[in-house]
Amino acid sequence: MTYYRIPAVSPAPVTALRREMDRLFEEVFAGRPATSWQPAVQAREDEQGFTIALDVPGIPADRLEVLAEDGVLTVRGERVRRELAEGERLLIGETTQGQFVRQFRLPKSADLQAIQAAYDLGVLTVRVAKLAPAQPRRVPVSVQSPAVTMPTSAETAGA
């Protein structure tokens, strides 16, 4: 029996092809501007609010944007390609460059006026507080028209 050794295939070309196909789909079929990459995300909820952490190493804080509007949290950023110095050549290039956009639909309990964003060690952490639950409230009834007097039982008995 003859055995043939199958050479190992690097996942990098497959990943690059997949990324390019996703970009083309976004641009052509979805009618949205294409993004180069998507950062990994972890979203959590606790009693006080929601926490969304995005892995964005190598991106300066001034290239990150956090926007909350109409119940949607949008995070944008851009990782700029590092240029090679003269005489330098790239041996392996697995890092992604370019723009990204991630959007998250927030629940009605999210307080869009109480959002904080912090950037530390390549992780952008966005904290969205929850609205305080609505408490029941007794509403007094006010009279808008002049009072109408009803005849008393003595007045109707005499009639």
Side-chain angles (χ1 to χ4, degrees), residues 4-142 144:
Y4 295 96
R5 182 178 171 95
I6 299 173
V9 177
S10 169
V14 175
T15 304
L17 176 62
R18 168 72 187 258
R19 194 171 38 243
E20 184 64 16
M21 289 176 67
D22 288 345
R23 186 189 69 77
L24 287 172
F25 177 79
E26 289 286 324
E27 197 171 285
V28 175
F29 296 109
R32 295 190 300 255
T35 56
S36 298
W37 62 288
Q38 296 291 309
V41 172
Q42 184 180 68
R44 301 181 306 274
E45 177 183 8
D46 59 27
E47 291 179 12
Q48 289 78 35
F50 308 92
T51 304
I52 300 169
L54 295 94
D55 288 342
V56 289
I59 300 178
D62 64 347
R63 292 204 178 261
L64 295 170
E65 176 186 26
V66 178
L67 174 69
E69 184 176 30
D70 296 330
V72 176
L73 179 72
T74 302
V75 181
R76 287 185 177 91
E78 182 178 15
R79 183 181 292 141
V80 179
R81 179 184 307 267
R82 184 182 158 271
E83 297 299 323
L84 297 174
E86 189 173 327
E88 192 176 33
R89 67 184 176 109
L90 185 66
L91 299 177
I92 299 173
E94 296 180 346
T95 57
T96 53
Q97 297 86 27
Q99 298 177 351
F100 75 86
V101 177
R102 294 295 306 254
Q103 292 186 310
F104 308 92
R105 177 149 310 276
L106 297 171
K108 292 183 191 238
S109 62
D111 184 355
L112 298 183
Q113 303 306 313
I115 298 178
Q116 298 175 335
Y119 185 60
D120 186 37
L121 297 175
V123 177
L124 174 65
T125 303
V126 181
R127 180 77 179 153
V128 182
K130 286 185 179 178
L131 292 168
Q135 300 296 320
R137 187 182 94 152
R138 184 173 302 277
V139 178
V141 178
S142 62
Q144 298 297 322

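Because the structure is a prediction, the values reported are computed rather than measured. Just so you know, these numbers use all the heavy atoms, side chains as well, and skip hydrogens, waters and symmetry mates.
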Q) Should we say atom CD of Glu45 is surrounded by more than 12 heavy atoms from elsewhere, each under 6.0 Å from it? A) yes
Q: Give, for atom CG of Leu54 and atom OH of Tyr119, the distance between the pair rounded to the nearest 0.5 Å.
A: 11.0 Å
Q | Approximate separation, where rounding is to 0.5 Å, of Asp70 CG and Leu106 CG | A | 11.0 Å
Q. What distance do Arg81 atom CZ and Leu90 atom CG have between them, rounded to the nearest 0.5 Å?
A. 8.5 Å
**Q.** Shortest non-hydrogen contact from Ser142 toward Gln144
**A.** OG-NE2, 3.1 Å
Q) Looking only at heavy atoms, what is the nearest atom pair of Val75 and Phe100, with distance? A) O-CE1, 3.7 Å
Q.
Ignoring hydrogens, what is the shortest heavy-atom contact between Ala110 and Val128? Give both atom names and the distance.
A. CB-CG1, 3.8 Å
Q. Roughly how far, to the nearest 0.5 Å, is the CD atom of Gln42 from the CD1 atom of Ile52?
A. 11.0 Å
**Q.** Side chains of Gln99 and Arg76 in contact at under 4.5 Å (non-hydrogen atoms)
**A.** no
Q: To the nearest 0.5 Å, tell me how far Glu78 CD sits from Arg63 CZ.
A: 5.0 Å
Q) Arg79 side chain to Thr96 main-chain N or O, any donor-acceptor pair under 3.5 Å? A) yes
Q) In this structure, are over 12 heavy atoms from other groups packed under 6.0 Å from Gln113 atom CD? A) no
**Q.** Check: Val41 and Phe104 side chains under 4.5 Å, non-hydrogen atoms
**A.** yes
Q: Give the minimum heavy-atom separation between Asp55 and Pro39, together with the two atoms involved.
A: O-CB, 3.1 Å
Q: Give a yes or no on whether the backbone of Asp46 and the side-chain of Lys130 come within a donor-acceptor separation of less than 3.5 Å.
A: yes
Q: Quick one: closest heavy-atom pair of Ile115 and Leu112, and the distance?
A: CD1-O, 3.7 Å
Q | Shortest non-hydrogen separation from Gln103 to Thr74 and the atoms involved | A | NE2-OG1, 3.1 Å
Q | Phe50 side chain near Leu73 side chain, heavy-atom distance below 4.5 Å | A | no
Q) If you measure from CD1 on Ile59 to CG on Asp62, what distance do you get to the nearest 0.5 Å? A) 10.5 Å
